[in-house]
Structures are given as C-alpha cells and as structure tokens.
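Proteins come first, then strands; the chains are lettered A, B, ... in the order of their sequence lines, and each starts at number 1. Side chains included, hydrogens not; waters and symmetry mates left out as well; all remaining heavy atoms used.
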Number of protein chains: 2
Amino acid sequence: MRQDRGHEDIRLPLASSWRRIHGSVARDLGVAILSGRHAPGDVLPGEIEFSEQLKVSRTAYREGIRILSAKGLVESRPRTGTRVSQRSRWNLLDPDILAWAFEAEPSEAFIRDLFELRMIVEPAAAALAAERRSGLDIARMGHALEEMGRHGLATEAGRAADQAFHNTILEAARNGPLMALSSSIAAAVTWTTIFKYRQQDKPRDPMPDHRALYDAIVAGDPEVARAAMTALVRLALADTEMALRP
Amino acid sequence: MRQDRGHEDIRLPLASSWRRIHGSVARDLGVAILSGRHAPGDVLPGEIEFSEQLKVSRTAYREGIRILSAKGLVESRPRTGTRVSQRSRWNLLDPDILAWAFEAEPSEAFIRDLFELRMIVEPAAAALAAERRSGLDIARMGHALEEMGRHGLATEAGRAADQAFHNTILEAARNGPLMALSSSIAAAVTWTTIFKYRQQDKPRDPMPDHRALYDAIVAGDPEVARAAMTALVRLALADTEMALRP
DNA sequence: CTAGCTTATTTGTATGAGTAATTTCTCCGC
DNA sequence: GCGGAGAAATTACTCATACAAATAAGCTAG
C-alpha cells in the first residue's frame, strides 16, 4: 500500500530524531558548534571521556558524532581525534543545521546571506512554477492563501500557511535539487515574520503581494510571476532590514 | 549480492569516510537507494539480519544507517523498522548524495535539474563576485584559467582547474549558504565535460567564454559578469543537451 | 464495537574487549 | 648532526552480547 504523504508533515524536520539519545547528542553538539562554542579546528575530548561527561554510552555518543560528521560539521580520525571542520565544509543548507543555527539567535550576517539566497532562488522558482504548476499545486496555493488570510501571520497556523505557500511554489518548479532548498527558504521566511512582528505594532499586510504572485502563477505567466516574487521578497527584505538596524 | 566496489581510489572527495566500514555501508546503501534499488517506502531488513548479510557488526551497520538518516535518505523507528524516506526528504544538495547519485550513471532528468539550478545560481553568484572579489580571488581565478588553458579539459588537471575556477567565483560571492551549493555546481560542471567529450571529437573551446567572465569579474562589473556567466552556462547546456538526445 | 491492556518485534542503549590506523618518538646507519 | 626505518603510544573503529524502551498489532473485558 503506497501512502501518498505529499504535504503531510513538513514542519518538525526530523522531530523524532532528537527524542533518542544519539539525536540529542548531535543536536546539543551541533548547536554548540554553530553558536561558536566549539570553533573550527578545535579538537573534542576523546570518546570515552566525552561520553562519560555527557552521561551517555559510547555507542550513543558515536552515533551522534556520525550524524554531525555526515553533515560536515566534524571529522574524526584515529590518533588525531574528532575535530570541528572548517566552515566551508559545513553543509549550511541541511535542514537540521539550519534549525540548530536558529536555535540560538542567528547572526545578522547569516540572515542576510539567507535573504540573498532567497532573492536569487525564489523569483526563478516562481517563473518555473508558472510554467509547470498543476491543478493540485494551484489548489494548495489557494488554500494556503485562504488560511493565511484567515489566521494572519500572528498565529502559528497563519505562519504555517505562509510556509506552505512558498513551499508549494518550490514544489511546482518540478526540480528536485531546487526543492531541497526549501528549508533554507523556510528559515528566511520564518525570520522575516519574527523580525517584522518584533519591530512593528501594525505590520504591513502581506496579502496583496502574495495574491499578485498567486495570480501570476495561476495565469501561467513566468515573467510576471518572477517580477511578483521579486517584489514580494524585496518587501520582506525591507521589513527585515528595518528590524536589523533600528 | 554484489559487493563489488568498482574504482577504489580514483577520486577522493571525502575519501576517509568510505574507508571505514560504517562509511562503506552508508555508501553502498546510499548508492542502492539513489539508483532506485531501494524505492521510497521500502522497508529494509532488520538490523541483525541485514548486518549479518553485509558481514559487518550491528554497530557498524547502525552507524552507517545514522549517516543515511542524517542525509534524509532513511528513517528508523522501533517496531516499524528502517524505511527509505520519500524523495522530497532527501537532501539532494548534500555532497555525498550527489557523489552517490553520480556513481551510477545519473538520470537525464537529474542532470537537467542540476543545470537548471546552475543557470539560476551561477549568474547571480558571478554578479556578487564581481562586487566582492578580493585580490586573492582574482589571483586564484587567474591561476585556474592558466591551468585550464595549459592542460585542457581532456586531462584531470584541466578539469580540476575548471572546478576551481567556478568554485572560486562562488567563494568570492561571500555567502555561506550559497557556497554550500558548490558541490551541486561542481557535479553539473563535471558532467558537462564528460558528455561533451563523449559526444564530440573536437569539442568547442571553453576558454573564450571563461576569459570573458574572468575579465568582467576583474573589472568589477556585476551586470557584465552576470551576462557572461549566463552565456557560459547556456553554451555548456547546449553541449550537454546535444549529448543527451543524440 | 470500543477502550484499554498485553504481547511480540524492532530499534535503541550500555559495556567491555579487542583491532586498526596514524602520529610521534626512537634508534640506527650514515 | 641528519634522514629514514621501525617501534610505541594513542585514538578512533569494530565486534559481540545483554538489556531497555518504544510501539504496532492483537486480545480481552465491558
């Protein structure tokens, strides 16, 4: 029996994984590395010592390290030990790494970088989506817009709908590697909202630009869609910049 | 059960990881998944059974699975077992996943997707690089161009120089998340060359468009750089398309 | 038929022993 | 002194075994 779980569980990327011990070891160490508490080049204590320090078995500790290693955060070799890799090796587009990076307040520079990426990727994705979107995509986007309008971005449901809207556009672009950027885009979207509401009492209404984008994609006009998304991201960027340097 | 490891030490992106047993378990299973031999939704045999089948200990097997799980390829839960995740969960931008995907001949659709991504990302990166490049960046790009010209893309050294050229541009864009796309770009670059040389005896000379791009970045003109990169990728795409549908 | 308990199965964790890789040190020949 | 081969020490890696925890499925009482 094939279960079609298209959209089902987008949030909580690997929620179950940090319920197990190896998962929380990875998460704790990952956050420590991303927040700079372990700098690139630093050598971690040996397996026996560190696992005892963390009060976990070597098995669980090693599995945690394996996770970090798979994401490029650390490298282990016999005799040398396990050391934090150079930043350039970190897979900054990995969903978990993004989540860990945002666990602590992320640096302004990182948020700017994500917006720059968003500005590059999303307009192009919107253009592709306008050409390739299916009826189902349109229905999902429409539903997301409704939800967004009904609940507003002040509620969890509204923010989830916003995420779903942007995510559906990426899906509609029908490009696997592009889709893999969704967590990065989602992170930028989330922090836009956070900053916007932190700064302003009566934030700008996000619905008009979203509706314009939706219309363009429904109409199947790639260039209009590209322009609409560019405008949308530019506005979001303006909101965020305002909060970043008050 | 074919456990042949084709070419042992030919290239070494993260060579150390598949030297250890857990690494080769991850690699073998990863290739099997990416090549479709284990489809999304499939449940793998139990740990004890499968690890015995692979002639490795349960510990090593589990560490391999942890690696795959960290990259989104599989999910394990007690009682249900370990199953291959939906494609949308795969982190297709992970360097290892790309390497595994290209271990077997990749699908045309995947190569097209990568090119689409390249066409989106690289022109924008070139524009940013033109604004932000340092003297060191320019020196590196210049050196890479020289090497490329001297050895030609028929040699390993020439191809490495090509990679280095494109990689330096991404670095010069001064954007961490963007840099993390380098392995995806590199994969597309590599397969361009492979297809080009497979198809044509006397392939198009890649130097003129590379030099034009280099000049634009040295001159610090973002729009010219963007245009030059767009032209370069378009040519590469044309070469590849020609090989894809003969 | 439902709610709740039981059970069986599978992954998760712990521990200890032993292996392999690799850096560093040492010693030998020169 | 100096360079290189070999020994030693340190560290991660692998293995085997035992037990714990989670959970889907089946069972039983109501």
Nearest-Å distance, [atom1] ([X]) to [atom2] ([N])?
X     : N      : atom1 : atom2 : answer
B:I65 : C:dG12 : CD1   : P     : 9 Å
A:Y61 : D:dT11 : OH    : C1'   : 12 Å
A:K55 : C:dT13 : NZ    : C1'   : 16 Å
B:I21 : C:dA20 : CD1   : C1'   : 10 Å
A:E52 : C:dA14 : CD    : P     : 12 Å
A:E49 : D:dT11 : CD    : C1'   : 12 Å
B:R19 : C:dT19 : CZ    : C1'   : 17 Å
B:E75 : C:dG12 : CD    : P     : 12 Å

I'd like to know if [X] pairs up with [Y] as an ion pair, taking the criterion as any Lys NZ or Arg NE/NH1/NH2 lying under 4.0 Å from an Asp or Glu carboxylate oxygen.
X      : Y      : value
B:E52  : B:R58  : no
A:D137 : A:R174 : yes
B:R83  : B:D42  : no
A:R62  : B:E63  : yes

message: Go nucleotide by nucleotide along DNA chain C from the 5' end; which of B:I48 and B:T59 gets its closest nucleotide reached first?
response: B:I48
- line: Heavy-atom nearest nucleotide on DNA chain C taken for B:T82 and for A:R58; more 5' hit belongs to B:T82
Nearest listed nucleotide, side chain of [X], among [options]:
X     : options                : result
A:P78 : D:dA18, C:dG16, C:dA21 : C:dA21
A:H22 : C:dT13, C:dT15, C:dT22 : C:dT13
A:R77 : C:dA14, C:dT22, D:dA24 : C:dT22
A:E47 : D:dC13, C:dT13, C:dT11 : D:dC13
B:R79 : D:dA25, D:dT10, C:dA14 : D:dA25

Strictly below 4.0 Å: does [X] bring a side-chain N or O up to OP1 or OP2 of [N]?
X     : N      : value
B:R20 : C:dT22 : yes
B:R62 : C:dG12 : yes
B:S57 : D:dT14 : no

- prompt: Taking C-beta and beyond as the side chain, do A:D28 and A:L54 meet within less than 4.5 Å on heavy atoms?
  reply: no
- request: Using a heavy-atom cut-off of under 4.0 Å over every strand shown, decide if B:R66 touches base, sugar-phosphate, or nothing.
  value: sugar-phosphate
